[in-house]
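Just so we're clear, the structure is a prediction, and the values are computed from it rather than from any experiment.
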Amino acid sequence: MKIFATSDIHGNKAIIDKLKFVTNHVDAFLYCGDLGGYGRDSRGIAGITSSQERDAAYFYGILDTLGVESHFILGNDDWFESSDPRHLATSKTLGKYKLFPFEFVSITPFTTNREANDNKIEYELSKLNADRDSIILAHTPPFGVGDRLLNGQRCGSRAAHRWIEKVQPKLWLCGHIHENNSTGYIGQTLVLNCACMSHEPVLKGWIIDTETMEFENVYIS
């Protein structure tokens with residue numbers, strides 16, 4: 001099975017429109033969160049939520065045209081809730097693999113949504129019935145892989161790193177840290193940060209062959 005994964009489009013319709021150029025070459029599309037735009041509204045969170053719901057509706061419309069199985073999660077900058085059936089709220093089967101959502105991120109300086117300390121992240125991960133044939137669709141990167149800020153500081157979840165070391169799922173797909181779209185391994189687990197730089201009209205991500213575990217970078221300007 002070939003999967004295309006991306007993340008952190010933040011309502012940029014020029015990026016969303018480019019999805020069709022990739023998904024006709026794959027079997028499934030996975031999205032790792034932060035779908036809605038940042039937004040500024042005098043009504044505060046209520047206004048941002050309304051704007052993000054419009055972003056999401058546009059995204060759903062594009063998904064309808066792709067012709068491949070699609071699943072997405074929400075991220076820490078997503079304030080709306082989704083009832084779309086492609087929102088991965090619980091585990092599902094993707095081909096012969098188990099697909100699990102994980103929407104929490106480590107505490108940030110920005111008081112965003114779905115933030116949790118490492119104790120909470122460790123607890124929530126412990127509830128996943130995952131194994132070596134599992135794919136984790138996450139927003140947060142684990143500490144040490146795909147989590148480097150522009151100043152060189154790492155900000156991923158140490159609890160996620162420990163959990164991956166222990167469970168060794170097949171794939172951990174994530175985003176969140178826009179500037180560190182990258183790949184790495186924790187043990188045998190392939191970790192891919194799939195984030196776009198949302199202020200640029202460029203679609204970034206990774207195509208992964210789950211049989212060979214080969215992967216290729218996607219960059220469509």
Nonpolar side-chain network containing Leu125, other nodes, edges under 4.5 Å
Phe100, Phe102, Phe104, Ile121, Leu128, Ile136, Val145, Trp163, Ile164, Val167, Trp172, Ile186, Val191

Taking side chain as C-beta onward, heavy atoms only, is Thr210 less than 4.5 Å from Lys170?
yes

Minimum heavy-atom distance between Leu74 and Ser82, given as atom pair plus value:
CD1-N, 4.2 Å

Flag for Glu115-Ser106: side-chain donor and acceptor within less than 3.5 Å:
no

Does Thr65 use its side chain to pair, donor to acceptor, with the backbone of Ile62 at less than 3.5 Å?
yes

Do Ser157 and Asp118 get their side chains close enough for a donor-acceptor pair, meaning under 3.5 Å?
yes

Using the rule that Ile, Leu, Val, Met, Phe, Trp and Tyr join whenever any side-chain heavy atoms are under 4.5 Å apart, tell me whether Leu63 and Val68 fall into a single cluster.
yes

Between Lys2 and Asp209, does at least one N-O distance fall below 4.0 Å, as a salt bridge requires?
no

Please answer whether the main-chain N or O of Asn113 pairs with a side-chain N or O of Asn76 as donor and acceptor at a distance below 3.5 Å.
no

Please say yes or no: joined through hydrophobic side-chain contacts below 4.5 Å, possibly via intermediate residues, are Ile107 and Val105 part of one cluster?
no

Short question: side chain of Glu53, backbone of Ile48 - any donor-acceptor pair under 3.5 Å?
no

Taking Ser7 for its side chain and Gly33 for its backbone only, find out whether a donor-acceptor pair lies under 3.5 Å.
yes

What is the minimum heavy-atom distance between His178 and His10, and which atoms define it?
NE2-NE2, 3.3 Å

May I ask you to decide if Gln188's main-chain N or O and Gln168's side chain share a donor-acceptor pair within less than 3.5 Å?
yes

Report yes if the distance between the aromatic ring centroids of His71 and Tyr31 is under 6.0 Å, otherwise no.
no

Rounding to 0.5 Å, atoms CZ (Phe4) and CZ (Phe21) come to a distance of 12.5 Å

side-chain contact (heavy atoms from CB on, under 4.5 Å) assessment of Leu66 paired with Lys20:
CA-CA 6 Å; Leu66 297 184; Lys20 60 182 177 288; 4.2 Å; yes

Say whether, by atom type as modelled, one donor and one acceptor occur between the side chain of Asp55 and the main chain of Gly37 under 3.5 angstrom.
yes

For Asp78, does its backbone N or O pair with a side-chain atom of Arg114 as donor and acceptor, under 3.5 Å?
yes

Test side-chain contact (heavy atoms from CB on, under 4.5 Å) on Thr6 and Cys32; report intermediate values, then the result.
CA-CA 6 Å; Thr6 188; Cys32 306; over 6 Å; no

Pairs meeting criterion side-chain hydrogen bond (donor to acceptor under 3.5 Å, both in side chains) with involvement of residues 190-201, two or more places apart
none

Would you say Cys174 and Thr140 make side-chain contact, with heavy atoms under 4.5 Å?
no

Between Ser91 and Pro101, the two heavy atoms sitting closest are N-CD, 4.0 Å

Using a strict threshold of under 4.0 Å (side-chain N to carboxylate O), is an ion pair present between Lys166 and Glu122?
no

Apart from Leu171 itself, members of its ILVMFWY cluster (side-chain separation under 4.5 Å) are Met1, Ile3, Leu30, Ile73, Leu88, Leu94, Tyr97, Leu99, Ile135, Leu137, Leu173, Tyr185, Leu190, Leu192, Trp206, Ile208, Met213, Phe215

What residues, two or more places apart in sequence or in another chain, satisfy side-chain hydrogen bond (donor to acceptor under 3.5 Å, both in side chains) together with Arg86?
Asp64, Asp84

Let me see the working for Phe72 and Tyr60 under ring-ring contact (aromatic ring centres under 6.0 Å, His included), right down to the final yes or no.
CA-CA 10 Å; Phe72 67 90; Tyr60 303 156; 5.7 Å; yes

Ile177 backbone acceptor or donor facing Asn180 side chain under 3.5 Å
no

Correct closest heavy-atom pair for Ala195 and Asn181 would be O-ND2, 2.9 Å

Intermediate values then yes/no, side-chain contact (heavy atoms from CB on, under 4.5 Å), Phe29 and Val22
CA-CA 9 Å; Phe29 169 59; Val22 182; over 6 Å; no

Nearest 0.5 Å, please: how far is NZ in Lys18 from NZ in Lys204?
12.5 Å

Are more than 12 heavy atoms, taken from residues, nucleotides or ligands other than Glu211, located less than 6.0 Å from that residue's CD atom?
yes

Pair Asp34, Ile9 - check side-chain contact (heavy atoms from CB on, under 4.5 Å), show working.
CA-CA 7 Å; Asp34 276 1; Ile9 289 175; over 6 Å; no

Please, which pairs that meet ring-ring contact (aromatic ring centres under 6.0 Å, His included) have at least one residue in residues 121-162, sequence neighbours excluded?
His139-His176

Out of Asp131, Asn129, Asp133, which one pairs with Lys98 under the side-chain hydrogen bond (donor to acceptor under 3.5 Å, both in side chains) rule?
Asp131

May I ask whether Val26 and Ile220 are part of the same hydrophobic cluster, defined by side-chain heavy atoms of I, L, V, M, F, W, Y residues being less than 4.5 angstrom apart, directly or through others?
yes

Taking all heavy atoms of Ile15 and all of Cys196, pick out the closest pair and write down the distance.
CG2-SG, 4.2 Å

With rounding to the nearest 0.5 Å, note down the distance linking CD1 in Ile45 to CH2 in Trp79.
4.5 Å

Of all residues at least two apart in sequence or in a different chain, which pass the side-chain hydrogen bond (donor to acceptor under 3.5 Å, both in side chains) check with Glu124?
Lys120, Lys127

Examine the side chains of Glu103 and His87 and answer whether a donor and an acceptor come within less than 3.5 Å of each other.
yes

Verify the neighbour count for atom CZ of Arg158: are there more than 12 heavy atoms of other residues, nucleotides or ligands below 6.0 Å?
no

Please report the interatomic distance OG1(Thr23) to CD(Glu69), rounded to the nearest 0.5 Å.
13.0 Å

Closest contact, heavy atoms only, Gly36 versus Phe80
N-CE2, 4.2 Å

